[in-house]
Protein chains: 2
Amino acid sequence: MAETRRKPGPRRALTEREIVDAALALLDAGGAEAASIRRIAAAVGVAPNAVYTYFPDKAAVERALVERILEDVQAPAEGDWRPAVEALAIGLRSRLVAHPGAVPLMLGGPMDGPHALRLGELLLDLLAASGLDAASAARASYTLMVYVLGAAALEVADGPPGPLPPEAERIAARHAALGEVPAQAFPRTAAATGVMATWVGTEQFLWGLRRVLDGLEAAAK
Amino acid sequence: MAETRRKPGPRRALTEREIVDAALALLDAGGAEAASIRRIAAAVGVAPNAVYTYFPDKAAVERALVERILEDVQAPAEGDWRPAVEALAIGLRSRLVAHPGAVPLMLGGPMDGPHALRLGELLLDLLAASGLDAASAARASYTLMVYVLGAAALEVADGPPGPLPPEAERIAARHAALGEVPAQAFPRTAAATGVMATWVGTEQFLWGLRRVLDGLEAAAK
DNA sequence: GGGTAACTCTGCACGGCGTACAAGATTGGA
DNA sequence: TCCAATCTTGTACGCCGTGCAGAGTTACCC
């Protein structure tokens, strides 16, 4: 086959990884609008259009960013399917809320990269061991993905931090103290959906997750 | 109280509603990037910055757009809580997938407009009649919102239409024939989550919705 | 009726965005 | 040593959101 002999031309000053890491840092620090091609290029010290040597367009950078985040979602330990699925869901959510700016990117395009596929297959394997038939396991997998991504999206939907009402301030501080949810991810959205702000966050996520799993388990009977 | 006497100045050439309707038409026709302030202004026949007489900034237009869509989500008929909740969820989803470009906007900011609150309260009322205590009803309401919005987001995540693989073409045609999901909303995303493309759409939505409701009903016992 | 203050819309401009194109610099292989 | 491939840069284009000054229009007060 074609061997990997170096091709002519100057050596690359960067790697795709360096670019994605810089983009992720900018995204975490300044939100979506901070992760522009021009600022990413400035962060790694090249001209803006040099980025196009590594990625065909901005959408490709964003896809790589999503993959970069999914990359460090850990597979849960072996064991019963239900705690394993729960652990996987918790792990995925924690990576998402750790990078609030990336959640819209995940929901904004098809998730078909290697790590997305890996997690999808993993989830499917776990559910196949639950007693659900193959078709239902696939549907259950999609249902869970909807829940985890939807929960992360709603948690993150409030955008950059602004003046919060006093009650919200207190809650945001509690979340921050738990070290799980950055303060800017505090969901004002919760008010519109009828749930008291106090409950949102990990607790609310787990409550809903367990109801979903109850429904799936009942279908497996 | 302060009566509504007209203030000095020329009469407005437009209404907020006309602007929002034009924005929605552009959004449906050309996706998110077609709904720019400049193009909205051109569509209604004014200079770009005239829009700022009606809305303080683009985010306000987007919030109004979201409200405009939630506005025609119908309240379900009276009756048992479970079919009513199901009907509400189906109705909300149908409005969302009818305007794919608006889904990222809904997930991109706090949903605290009047119609969002109306739907939240409606859902909460229905769940309060399910046997769940008040706290659980609120959590259940949030959980369902996560499911419905998350499902819409994943369905819509594939972006503007492009060349589809043959299998996908067939499915997209089926969806279009059902008259429910525009062809461009066909979810390639489904592949990554392990569910066969055939199942995605209304059927998949309902399957997952019923599992979630099963879990909630069991909690109500 | 005339003056005034409020209001709406326009022209212009700014800075930022993604990205196309051509030219120069750098490298390996013939 | 030259060639061809490759990378980076300078420059430029068209778009974006939106601030500012000015011109035109209207309702109220005298």
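Residue numbers start from 1 in every chain, and the chains themselves are labelled A, B, ... in the order their sequence lines are given, proteins ahead of strands. What you see below is based on every heavy atom in this structure, not just the backbone, and it leaves out hydrogens, waters and symmetry mates.
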Does P48(A) or P8(A) map to a spot on DNA chain D nearer the 5' end, using the closest nucleotide for each? P8(A)
Given L126(A), L88(A), L127(A), the one that forms side-chain contact (heavy atoms from CB on, under 4.5 Å) with L144(A): L127(A)
Taking only the side-chain heavy atoms of I37(A) (C-beta and beyond), determine which of dT19(C), dT26(D), dC9(C) contains the nearest atom. dT19(C)
Students often get this wrong, so: under 4.0 angstrom with heavy atoms, is Y54(A) touching a base, only sugar-phosphate, or nothing? sugar-phosphate
Whole angstrom value for the distance that separates P of dC7(D) from CD of E16(A): 10 Å
Rounded to the nearest Å, what distance is computed from the CZ atom of residue F55(A) to the P atom of nucleotide dT19(C)? 13 Å
Under the 3.5 angstrom rule, does the side chain of R118(B) hit a backbone N or O of L70(B) as a donor-acceptor pair? yes
Output the single nucleotide from dT26(D), dC17(C), dT8(C) whose closest atom is nearest the side chain of R12(B). dT8(C)
d(OH, Y52(B); P, dC9(C)) in whole Å: 15 Å
Checking the side chain of Y147(B) only, and the main-chain atoms of V146(A) only, is there a donor and an acceptor separated by less than 3.5 Å? no
Does the side chain of K7(B) get closer than 4.0 angstrom to OP1 or OP2 of dA6(C) through an N or O atom? no
Can E18(A) and R12(A) be counted as an ion pair, charged N to O under 4.0 angstrom? no
Could you check how far CD of E62(A) sits from C1' of dG18(C), rounded to whole Å? 11 Å
To the nearest angstrom, how far is E33(A) atom CD from dG15(C) atom P? 18 Å
Given dT25(D), dC16(D), dT19(C), the nucleotide with the shortest approach to the side chain of R38(B): dC16(D)
Is it true that E67(B) and H115(B) share a donor-acceptor pair across their side chains at a distance under 3.5 Å? yes
Closest to side chain of K58(B), choosing from dT8(D), dA5(D), dG17(D): dG17(D)
Selection from dC16(D), dT19(C), dG16(C) that lies nearest to any side-chain heavy atom of R39(B): dC16(D)
Taking the minimum atom-to-atom distance to the side chain of D57(B), which one of dT18(D), dT19(C), dC16(D) wins? dT18(D)
Interatomic distance where CG belongs to L14(A) and P belongs to dT6(D) [whole Å]: 18 Å
From the set dT18(D), dG24(D), dT10(C), return the single nucleotide nearest to any side-chain atom of P10(B). dG24(D)
Please give, in whole Å, the distance from dT8(D) C1' to I19(A) CD1? 12 Å
Between R11(B) and dC9(C), is there a contact of a side-chain N or O with OP1 or OP2 at under 4.0 Å? no
Is the phosphate of dT8(C) approached by T53(B) (side-chain N or O, under 4.0 Å from OP1 or OP2)? no
